[in-house]
Amino acid sequence: MKVSNLIATLLFFALLPGCDKNSTADEPSGGWYVISDRNEIVGDVLFNRYDVDQIWIESSPESGSKSVYIVTGGFTPDGTARLSAFTEQHIGKRFGFVLDKEIITSELIEQSWEEGWFSIPFRKKSKARRAYESLLIGK
């Protein structure tokens with residue numbers, strides 16, 4: 001076997017595990033993470049599209065001709081139970097929604113969140129749409 005063919009074959013098999021026929025480089029990634037006091041993402045995703053049961057986008061007019069776009073939804077029963085337990089154990093910590101490695105929301109947990117509903121506001125319709133798609137993919 002020629003050296004160039006050997007290198008090409010090794011490269012192919014080295015890159016193969018990273019390929020997923022169901023994902024694309026442009027696929028949005030969204031989920032909820034712990035957020036540090038310095039406004040940094042901490043650890044792995046805690047809740048994502050597999051924890052979402054229903055989702056929709058709404059728009060609400062603001063002053064002037066601008067609108068705010070809100071991605072609203074609800075967690076699955078299991079996701080709601082996990083959210084409640086997580087927030088109860090992390091009172092005083094920050095928790096937020098991250099889209100494509102950008103922190104969109106960051107809220108201080110002041111008490112256990114018993115309800116499984118969420119609302120994520122966006123100024124740009126395209127970003128709201130991307131968040132919606134990131135939570136819808138895989139349903």
Side-chain angles (χ1 to χ4, degrees):
M1 181 179 263
K2 288 184 177 179
V3 174
S4 61
N5 289 346
L6 178 61
I7 292 171
T9 302
L10 290 173
L11 186 59
F12 172 78
F13 284 109
L15 296 175
L16 186 61
C19 297
D20 180 357
K21 67 178 182 176
N22 295 323
S23 67
T24 66
D26 204 29
E27 182 176 292
S29 61
W32 287 266
Y33 292 77
V34 171
I35 307 297
S36 75
D37 292 335
R38 293 182 295 186
N39 210 35
E40 297 170 338
I41 301 166
V42 178
D44 294 326
V45 67
L46 299 168
F47 302 91
N48 61 23
R49 64 182 176 240
Y50 300 107
D51 299 304
V52 174
D53 190 33
Q54 31 185 325
I55 187 167
W56 61 93
I57 299 178
E58 301 173 308
S59 66
S60 176
E62 285 192 329
S63 62
S65 61
K66 297 186 177 192
S67 291
V68 63
Y69 301 93
I70 304 167
V71 176
T72 304
F75 289 107
T76 64
D78 179 61
T80 299
R82 288 183 27 246
L83 178 68
S84 177
F86 171 81
T87 54
E88 185 174 328
Q89 295 170 3
H90 291 84
I91 292 173
K93 303 285 184 187
R94 300 195 78 69
F95 178 67
F97 182 76
V98 174
L99 178 65
D100 299 331
K101 299 180 184 175
E102 178 188 349
I103 298 171
I104 304 299
T105 64
S106 177
E107 299 181 43
L108 181 66
I109 302 170
E110 296 178 345
Q111 63 185 24
S112 175
W113 298 348
E114 303 296 324
E115 301 295 321
W117 295 100
F118 60 85
S119 294
I120 309 164
F122 294 89
R123 296 245 179 249
K124 294 184 177 179
K125 186 177 184 178
S126 61
K127 203 164 250 193
R129 184 78 180 155
R130 195 156 171 86
Y132 171 82
E133 290 169 357
S134 78
L135 295 172
L136 188 64
I137 294 170
K139 291 188 82 40

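Counting begins at 1 with the first residue of the sequence.
- Take E102 and apply the side-chain contact (heavy atoms from CB on, under 4.5 Å) test, not counting sequence neighbours, and it matches I104, K127.
- Taking all atoms of both residues into account, the shortest heavy-atom contact from G31 to V45 is CA-CG2, 3.9 Å.
- Both W113 and V34 are assigned to one and the same hydrophobic cluster, defined by single-linkage of ILVMFWY side chains at heavy-atom distances under 4.5 Å.
- Here the CG-CD distance, from L83 to E114, works out to 9.0 Å after rounding to the nearest 0.5 Å.
- Atom CG of D37 sits about 10.0 Å away from atom CD of E40, to the nearest 0.5 Å.
- Among all heavy-atom pairs drawn from V68 and P121, the shortest one is CG2-CB, 4.1 Å.
- Shortest non-hydrogen contact noted between L135 and G30 is CD2-O, 4.2 Å.
- Residue I41 comes nearest to Y33 through the heavy atom pair CG2-CD2, 3.4 Å, listed as atom of the first residue, atom of the second, then distance.
- Formation of a donor-acceptor pair under 3.5 Å by the S84 side chain with backbone atoms of T80 is not found in this model.
- Between F97 and F122, the angle of the ring planes goes over 60°, which puts this pair in the perpendicular group of the 30/60° scheme.
- Of all heavy-atom pairs between I91 and E110, the closest is CG2-O, 3.7 Å.
- Residue W56 belongs to a hydrophobic cluster whose other members are W117, with links defined by side-chain heavy atoms closer than 4.5 Å.
- Once rounded to the nearest 0.5 Å, the distance linking CD of E133 with CZ of R49 reads 12.0 Å.
- Criterion: ILVMFWY side-chain heavy atoms under 4.5 Å apart, direct or through other members. Under it, I120 and F95 are part of a common hydrophobic cluster.
- Distance check, rounded to the nearest 0.5 Å: NZ of K93 to CD1 of I109 gives 9.5 Å.
- In this structure, Q54 CD and L136 CG are separated by 12.5 Å, a value rounded to the nearest 0.5 Å.
- By the ring pair (Phe, Tyr, Trp, His ring centres under 6.0 Å) test, F75 is found to be paired with W32, F47, F118, residues two or more places apart in sequence or in another chain being considered.
- Two residues are said to be in side-chain contact when any heavy atoms from C-beta on lie closer than 4.5 Å; S134 and N48 fail this criterion.
- R129 places no side-chain N or O within 3.5 Å of a backbone atom of I57 that could act as its donor or acceptor partner.
- Atom CG of L99 and atom OG of S29 lie 6.5 Å apart (nearest 0.5 Å).
- For P61 against S67, the heavy-atom pair with the smallest separation is CA-OG, 4.0 Å.
- Both V71 and L46 sit in one connected hydrophobic cluster of ILVMFWY residues. Membership requires side-chain heavy atoms under 4.5 Å apart, directly or through other members.
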